[in-house]
Number of protein chains: 2
Amino acid sequence: MEKVLQNLREVVTEKPMDVIIRQIKELLSTGQLQPGDKLPPERKLSEKFGVGRTHVRDAIRKLEFYGIVKTKPQSGTFVASIGITALESLISDVLQIDVYSFLSLVETREVLELQSVALACDRHTPADIIKLENSLTNYLSKVEHGVKAVEEDFMFHLTIAELSKNKVLKSLLLIIIPDILSNYSIFKVCDIATDKAIGEHKLLFQYIKERNCEAATGVMKTHLKGVMDFAKSLSQ
Amino acid sequence: MEKVLQNLREVVTEKPMDVIIRQIKELLSTGQLQPGDKLPPERKLSEKFGVGRTHVRDAIRKLEFYGIVKTKPQSGTFVASIGITALESLISDVLQIDVYSFLSLVETREVLELQSVALACDRHTPADIIKLENSLTNYLSKVEHGVKAVEEDFMFHLTIAELSKNKVLKSLLLIIIPDILSNYSIFKVCDIATDKAIGEHKLLFQYIKERNCEAATGVMKTHLKGVMDFAKSLSQ
DNA sequence: AATTATTTTTTGGTCAACCAATTTTATGTT
DNA sequence: AACATAAAATTGGTTGACCAAAAAATAATT
């Protein structure tokens with residue numbers, strides 16, 4: 001009985017938008033819709049799914065955001081011309097069927113940050129160094145007074161990503177950082193900035209400025225090691 | 001005169017949604033809007049910015065997607081309670097995120113794939129190997145008959161990401177793959193699969209199966225080197 | 001005066017009608 | 001029959017009116 005109520009609750013709770021996305025996924029799975037195909041018009045979809053056109057448009061917009069479909073005004077909405085398996089995986093992501101583990105997030109963050117700092121060493125300009133220094137100062141001014149500065153910490157890292165001149169890196173970091181932060185607050189990691197962490201930030205700035213790539217990536221690796229170890233301990 | 005026309009074109013071309021996001025950014029920059037504050041109601045915003053309420057809603061939805069604002073039904077939309085600097089940076093990124101350079105995409109792909117293959121070596125199960133072999137067979141069956149198999153190629157790589165047991169890696173690869181593919185078709189790279197590429201795919205499978213991490217990542221690196229070199233030549 | 005109950009207003013959510021660009025179909029011309 | 005032209009239907013985009021939940025203001029009660 002409980003189970004039934006719970007299922008009912010789930011169905012009721014699920015947003016109309018997600019219902020439609022799920023249905024479209026079904027159309028793809030059953031082959032009624034193939035990569036490159038034109039989607040049925042919004043009106044037909046809203047009628048078929050018994051839902052308002054607004055919700056259909058919401059769903060399509062969300063899918064478009066992920067590159068799953070592409071809308072041509074006054075013409076139609078088309079399924080992306082990529083492999084059917086990739087499409088289904090993408091839609092699963094959109095529906096947030098998977099929950100990201102903290103370890104997955106940290107592992108990915110590490111690899112993005114290492115690349116980020118390496119490229120930053122190569123590509124930064126004098127103006128960039130000023131930007132990075134400001135970001136560091138902003139962080140230090142809080143942390144050296146014992147004030148939490150998780151955001152400023154991440155902002156410093158994002159600034160490094162900016163120096164890398166690689167917008168994809170920065171965007172992907174932006175995507176996963178909120179997830180990491182929510183895990184931080186759950187697990188209460190990094191509540192106080194250690195002297196070690198503060199020193200590492202300063203070193204990072206120095207090595208990047210000197211274009212000492214190896215040293216900079218080394219510091220970044222040790223800098224992230226603590227979180228990484230904690231994440232690993234969780235997953236066991 | 002040209003300049004004027006160009007600017008005019010830019011203004012006209014810029015989507016109403018982005019205009020509104022820019023205005024909201026301005027409200028934040030000038031302190032009229034602070035973290036945690038309630039945004040003016042959608043009707044007021046549409047009136048103030050001289051634009052339909054639909055577009056205001058579009059803009060708010062986009063900002064919500066990036067975690068910049070949070071909407072409570074029948075109550076209001078609230079600016080996220082994070083640092084003003086982080087907010088402004090985030091919102092700038094939202095406005096910038098349009099086109100990624102091919103080099104940025106490939107650089108990021110490389111680092112994700114290298115991590116992906118390394119983890120896959122460690123973590124794959126017997127069932128995974130069957131999955132990967134199927135994916136390889138699927139690729140070979142096309143490519144050994146001289147048929148293009150860009151989709152199957154990427155699916156093989158995506159399967160490796162699956163073996164890594166890191167869902168974040170897989171999701172991020174999924175996000176950038178469509179962008180990379182569109183660049184492929186623009187630049188007509190990878191039109192025919194070379195014997196070298198085919199051999200590398202077979203090697204990748206073999207080394208992953210044997211859990212030979214170093215050899216596998218080495219093959220992956222040379223596998224992606226061609227595209228990387230091409231991307232670098234473009235950016236110069 | 002404090003608290004509760006009720007009404008009013010505000011606000012995001014939803015819907016149905018309408019618009020303009022596009023595509024398709026029909027019509028006319030050579 | 002082939003092509004060009006024009007009318008009709010289709011389709012995503014946009015707007016304004018309306019809905020219900022939430023918040024605020026007002027009235028009633030203790």
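Fair warning: this is a prediction, and the values are worked out from it, not measured in the lab. Residue numbering restarts at 1 for every chain, and letters A, B, ... go by the order of the sequence lines.
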Exercise. Under a 3.5 Å cut-off on both pairing distances, which runs of 3 or more consecutive Watson-Crick or G-U pairs involve DNA chain C?
Worked result: C:1-30 with D:1-30
Exercise. Do B:T137 and B:N134 have a side chain donor and acceptor closer than 3.5 Å?
Worked result: no
For this session: Nearest whole angstrom, please: distance from the P of C:dG12 to the CG of A:D58.
Result: 16 Å
Exercise. Looking just at side-chain N and O atoms, do A:S171 and B:Y100 make a donor-acceptor pair shorter than 3.5 Å?
Worked result: yes
Exercise. Hey, are B:K48 and B:E26 close enough for a salt bridge, meaning a charged N less than 4.0 Å from a carboxylate O?
Worked result: no
For this session: Mind checking the CG-CD spacing from A:L45 to A:Q23? Nearest 0.5 Å is all I need.
Result: 9.5 Å
Can you give me the N/O atom pairs linking the protein to nucleotides 15-24 of chain C at distances under 3.5 Å, or say none if there are none?
residue, atom, partner, partner atom, Å
C:dC18, N4, A:R43, NH2, 3.3

For this session: Work out which heavy atom in A:R43 is nearest to a heavy atom in A:S46; give both atom names and the distance.
Result: O-OG, 2.8 Å
Problem set entry | Taking every non-hydrogen atom, the tightest pair across A:A80 and A:G67 | CB-O, 3.4 Å
For this session: Report yes or no: do A:K25 and A:S92 form a side-chain donor-acceptor pair below 3.5 Å?
Result: yes
Exercise. Got a salt bridge between B:D58 and B:K15, using NZ or NE/NH1/NH2 to carboxylate O under 4.0 Å?
Worked result: no
For this session: Measure from NZ on B:K44 to P on C:dT9 and round the result to the nearest Å.
Result: 14 Å
For this session: Give a yes-or-no answer on whether the side chains of A:Q115 and A:S164 include a donor-acceptor pair shorter than 3.5 Å.
Result: no
Exercise. Just the endpoints, please: which first and last nucleotides of DNA chain D, 5' to 3', lie under 4.0 Å from a heavy atom of chain B?
Worked result: D:dT14 to D:dA23
Exercise. Under 4.0 Å between a Lys/Arg side-chain N and an Asp/Glu carboxylate O for B:K165 and B:D128?
Worked result: yes
For this session: Rounded off to whole Å, could you give me the NZ-to-P distance for the A:K15 and C:dG13 pair?
Result: 9 Å
